[in-house]
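Note sheet for the following structure.
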Amino acid sequence: MGAMTGVMAIMLFLTVLSAATGLGTAAAARLLDRDLAGRLTVQVVKGDPASRDAAATRITAALRASTDVVAVSTVPRAELARLLRPWLGDDAGDAALPVPALIDIQLRDPGDTAADRVAALVAGAVPDARVDRHQAWMSPVNGAMRTVVLLALGLVLLMAAATAAVVVLAARAGLQFHRATIDVMHMLGATDVQIARLFQRRIALDAAFGGVVGGAAALGVTAALQAQMAALGSELLGSTRLGTGDWVLLALLPLCFVALATFAARLAVLRALGRTL
Amino acid sequence: MASIVQFENVGLRYGTGPETLSDVSFQLGRGSFYFLTGASGAGKTSLLRLLYLAQRPSRGIIRLFGEDTVLLPRTRLPGFRRRIGVVFQDFRLVPHLSTWDNVALPLRVAGVPEEDVEQPVREMLAWVGLTDRANARPATLSGGEQQRVAIARAVIGRPEMLVADEPTGNVDPDMAERLLHLFDSLNKLGTTVVVATHDFQLLNRIPDAQMMRLDKGRLLDPTGALRYPPPRSRP
Ligand SMILES: Nc1ncnc2c1ncn2[C@@H]1O[C@H](COP(=O)(O)OP(=O)(O)OP(=O)(O)O)[C@@H](O)[C@H]1O
Ligand SMILES: [Mg+2]
């Protein structure tokens, strides 16, 4: 067991953690997308509660008739009062307050055209009603999540490149160190592939040991973090929960890296041997 | 007699220095026994290195087993090398392998199944008197013992050609004779043997042997292998 084992362990620890971050963020982004897809909220702001409620009723009726809409629900006043209480205190429940009416809409088809048709419908019923698309509100969050996912993927690729480079260096050092033996093996009629196999096995074993240790440590840390996130009770952090597929992917990463290390070692050795007689 | 090796005007230059070997031309008959002699630095090892394909010549043609080796692609070298047994002047045992594994190496490289490796290795070790050193690493062997391991390794595969560079330099006269007898037996089984040596005592031990002499990189009697003393007129 050489320095190679330690390097591989560190590499895989970092790689698996990066990948876990990426996969968790991707899971959260997917959940967010699914939750927000095709959801609209209509706000009716009017000073007079009676005309506000009348406008809300008109809009609800128009939406119910639309084939684009699956569900329409007016957010109950009590719920609004609860949401506003932190700002308005107990007065939030006062019916006379000019609190907007909110109508949640679930579209059949999350696409833009249906949303535009529904917005036109709402504008036809009540010209000054505001239509908000949840996806649009959350798009900066979603954008940030995608950046994190891309960053994680980039890190994994960089780690792979660094691992390959380390292996190539280790293989070259090994070749240099065992040069006399390799010469003899050649003179005894050993083929390059036979010689490469010796190095490959050595490096694969070292790499595999390091990879398993580093990968297992990272999986443990990931599991602990997941439990911590779930315990926080935050919906956004909780949604980073990894699925079975994600765990399998993380567990496969060390194997992929060991395969990569073996391949890089073989290539480096064969190339170096190709320059000898 | 068919020739197993042909050198035609072979020259060898290391780097940009002067030619170490010049205009070397000779043929080796299949199944014959040759001694190669010459002063230290005359180029014996260099010539043998060309012979066992450790080195390509700077010029000239070398034919081995009927094929031009100068144009031989790298991928075909192992096949040729497996037909040649080599005793290196500096032994070149694999340091992390035991005596047993060093001797077994050519068979394993050639892909001989493990069950067919044991018996020849055991016999070989017995022949060179190293049975009780089978598990020793080269570093713990005496010079003479290392040399015997090197010889066992060179002959175990019953090569078509055996090339030995000063194979008796480190052993006592009795052992030298014993080893030479081993080469002779191998030769009688059909192996072409080339032995580089300073030891003129040895030369007389093999009555049918032919002699090549190198002097400052040139073969004396460039028309072919010198016979010295002539094979039939020996006392
Ligand atoms: N790799 C090399 N690079 C440069 N010069 C070399 C190399 N190998 C040998 N020489 C030179 O070539 C010449 C012949 O060397 P070689 O080893 O063939 O002689 P030799 O006849 O085997 O000598 P000895 O009886 O001492 O073993 C020497 O002058 C030596 O210095
Ligand atoms: Mg020499």
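Note that this is a predicted model, so its numbers are computed, not measured. Throughout, a chain's letter reflects where its sequence line sits, starting with A, and its residues are numbered from 1. No hydrogens, no waters, no symmetry mates; every other heavy atom, side chains included, goes into these values.
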Practice task
Provide the closest heavy-atom pair for A:L188 versus B:V109 in the form atom of the first, atom of the second, distance.
Solution key: O-CG1, 3.7 Å

Problem - B:Q119 atom CD: more than 12 heavy-atom contacts under 6.0 Å - result: no

Exercise for the section: For A:R271, look at atom CZ and say whether over 12 heavy atoms of other residues, nucleotides or ligands are found less than 6.0 Å away. Expected result: no

Completion exercise
What one should report as the nearest heavy-atom pair of A:M187 and B:L53 is CE-O, 4.1 Å

Problem - B:H181 atom NE2, neighbour heavy-atom count above 12 within 6.0 Å - result: no

Problem - Proximity breakdown for A:A190 and chain B, heavy-atom pairs closer than 4.5 Å - result: both

Practice task
For chain A, find which of B:V86, B:L93, B:L97, B:L105 contributes the most heavy-atom pairs closer than 4.5 angstrom.
Solution key: B:L105

Fill in the blank from the handout: Among residues 247-268 of chain A, those lying within the under-4.5 Å heavy-atom range of chain B are none

Problem - Sorted by number, residues from residues 138-156 of chain B in contact with chain A (heavy atoms, under 4.5 Å) - result: B:R153

Handout entry: A:R172, CZ atom: more than 12 neighbouring heavy atoms under 6.0 Å
Key = no

Practice task
Indicate yes or no: at least one non-hydrogen side-chain atom of A:H186 is less than 4.5 angstrom from one of B:R74.
Solution key: yes

Practice task
With a 4.5 angstrom heavy-atom cut-off, could you sort out which part of B:F88 is near chain A: side chain, backbone, both or neither?
Solution key: side chain

Exercise for the section: Kindly indicate whether the side chain of B:R92, heavy atoms from C-beta on, has any atom under 4.5 Å from the side chain of A:V184. Expected result: yes

Practice task
Side-chain contact test, heavy atoms from C-beta onward, threshold under 4.5 Å: evaluate it for A:T191 versus B:R82 and give yes or no.
Solution key: yes

Exercise for the section: Assess whether atom CZ of B:R56 is packed by more than 12 heavy atoms of other residues, nucleotides or ligands within 6.0 Å. Expected result: yes

